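Computed from a prediction, not measured in an experiment: that's the story for all the values here. Within every chain, numbering begins at 1; the chains are lettered A, B, ... in the order of the sequence lines, protein sequences first and strands thereafter.
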Amino acid sequence: MTEFEKKVLKAVLKIPLGKIKSYKWVAEKVGRPKAYRAVANALKKNPYCLFIPCHRVVKSSQQLGGYSLGSELKSDLINLEKKIKDMIE
DNA sequence: ATCATGACTAATG
DNA sequence: CCATTAGCCATGA
């Protein structure tokens with residue numbers, strides 16, 4: 001595991017329930033505003049889906065990006081979390 | 001050191 | 001809205 005990857009994962013862990021952030025946002029968070037592409041690589045390499053909410057990371061245009069376990073699952077998870085959030089509030 | 005590879009982005013036609 | 005283009009960067013071979 002490289003330092004860069006750790007930083008990325010840490011940043012992703014901070015994304016709150018029901019919210020989504022862009023790859024660019026993560027890149028800036030780790031101090032490398034232009035490494036959004038590398039960020040995508042890191043997420044792809046570390047499918048710790050149970051602990052790292054990588055499904056909350058989408059494209060900058062709010063468009064659903066990719067997902068190692070299938071983009072449909074990704075959107076499902078996003079909607080699910082949204083419901084959970086509303087339910088709790 | 002060099003090269004190819006993306007879950008990308010922004011700009012342009 | 002869709003296609004193309006150039007820029008960008010960590011990572012592995």
Side-chain angles (χ1 to χ4, degrees):
Chain A
M1 200 81 269
T2 55
E3 282 306 311
F4 180 75
E5 291 174 351
K6 285 186 191 174
K7 285 194 204 168
V8 172
L9 299 187
K10 258 174 96 179
V12 175
L13 277 175
K14 296 185 185 113
I15 304 177
L17 174 69
K19 291 264 182 174
I20 63 176
K21 293 293 176 182
S22 65
Y23 292 94
K24 193 179 183 185
W25 178 88
V26 178
E28 290 170 351
K29 206 69 179 170
V30 300
R32 295 239 155 27
K34 306 162 238 168
Y36 28 73
R37 223 162 172 178
V39 168
N41 274 322
L43 294 182
K44 176 178 185 168
K45 283 188 56 178
N46 301 276
Y48 291 84
C49 308
L50 288 174
F51 312 110
I52 311 297
C54 44
H55 55 272
R56 293 181 197 157
V57 184
V58 300
K59 291 196 183 181
S60 65
S61 52
Q62 300 285 29
Q63 297 289 315
L64 184 69
Y67 194 53
S68 55
L69 303 183
S71 37
E72 57 171 38
L73 173 60
K74 181 173 182 178
S75 60
D76 285 346
L77 288 174
I78 293 178
N79 290 324
L80 178 61
E81 290 194 337
K82 209 168 184 181
K83 284 185 178 178
I84 295 177
K85 182 191 168 196
D86 291 340
M87 177 183 78
I88 294 179
E89 287 175 345

Closest contact, heavy atoms only, L43(A) versus C54(A) = CD2-CB, 4.1 Å

query = Taking all atoms of both residues into account, what is the closest heavy-atom pair of Y23(A) and G65(A), and its distance?
reply = OH-CA, 4.5 Å

Calculate the interatomic distance between [X] atom [atom1] and [N] atom [atom2]; express it in whole Å.
{"X": "I52(A)", "N": "dA7(B)", "atom1": "CD1", "atom2": "C1'", "result": "16 Å"}
{"X": "Y67(A)", "N": "dA7(B)", "atom1": "OH", "atom2": "P", "result": "14 Å"}
{"X": "E72(A)", "N": "dA7(B)", "atom1": "CD", "atom2": "C1'", "result": "15 Å"}
{"X": "I78(A)", "N": "dA7(B)", "atom1": "CD1", "atom2": "P", "result": "17 Å"}

ask   = Going by heavy atoms closer than 4.0 Å, what residues in residues 11-28 of chain A are next to DNA chain C?
value =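 Those residues whose heavy atoms fall under 4.0 Å from DNA chain C, taken from residues 11-28 of chain A, amount to none.
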
Can you tell me how far apart [atom1] ([X]) and [atom2] ([Y]) are? Round to the nearest 0.5 Å.
{"X": "K7(A)", "Y": "T2(A)", "atom1": "NZ", "atom2": "OG1", "answer": "10.0 Å"}
{"X": "C49(A)", "Y": "Y67(A)", "atom1": "SG", "atom2": "OH", "answer": "3.5 Å"}
{"X": "D76(A)", "Y": "E81(A)", "atom1": "CG", "atom2": "CD", "answer": "11.5 Å"}

request  = Start with the C-alpha distance between N46(A) and I52(A), add both sets of side-chain angles, then the distance that settles side-chain contact (heavy atoms from CB on, under 4.5 Å), and finish with yes or no.
outcome  = CA-CA 9 Å; N46(A) 301 276; I52(A) 311 297; over 6 Å; no

Taking any heavy-atom pair under 4.0 Å as a contact, classify [X]: base, sugar-phosphate, or nothing.
{"X": "G65(A)", "value": "nothing"}
{"X": "S68(A)", "value": "base"}
{"X": "K44(A)", "value": "base"}

message = Between S71(A) (side chain only) and K74(A) (backbone N and O only), is there a donor and an acceptor less than 3.5 Å apart?
response =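 Checking the backbone N and O of K74(A) against the side chain of S71(A), no donor-acceptor pair under 3.5 Å is found.
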
query = Which is it for V58(A) and Q62(A) under the side-chain contact (heavy atoms from CB on, under 4.5 Å) test, yes or no, and what are the steps along the way?
reply = CA-CA 6 Å; V58(A) 300; Q62(A) 300 285 29; 4.1 Å; yes

task = Determine, for nucleotides 4-13 of chain C in 5'-to-3' order, which nucleotides have protein heavy atoms under 4.0 Å from the base (write B), from only the sugar-phosphate (write S), or from neither (write -).
result = ---BBBBSS-

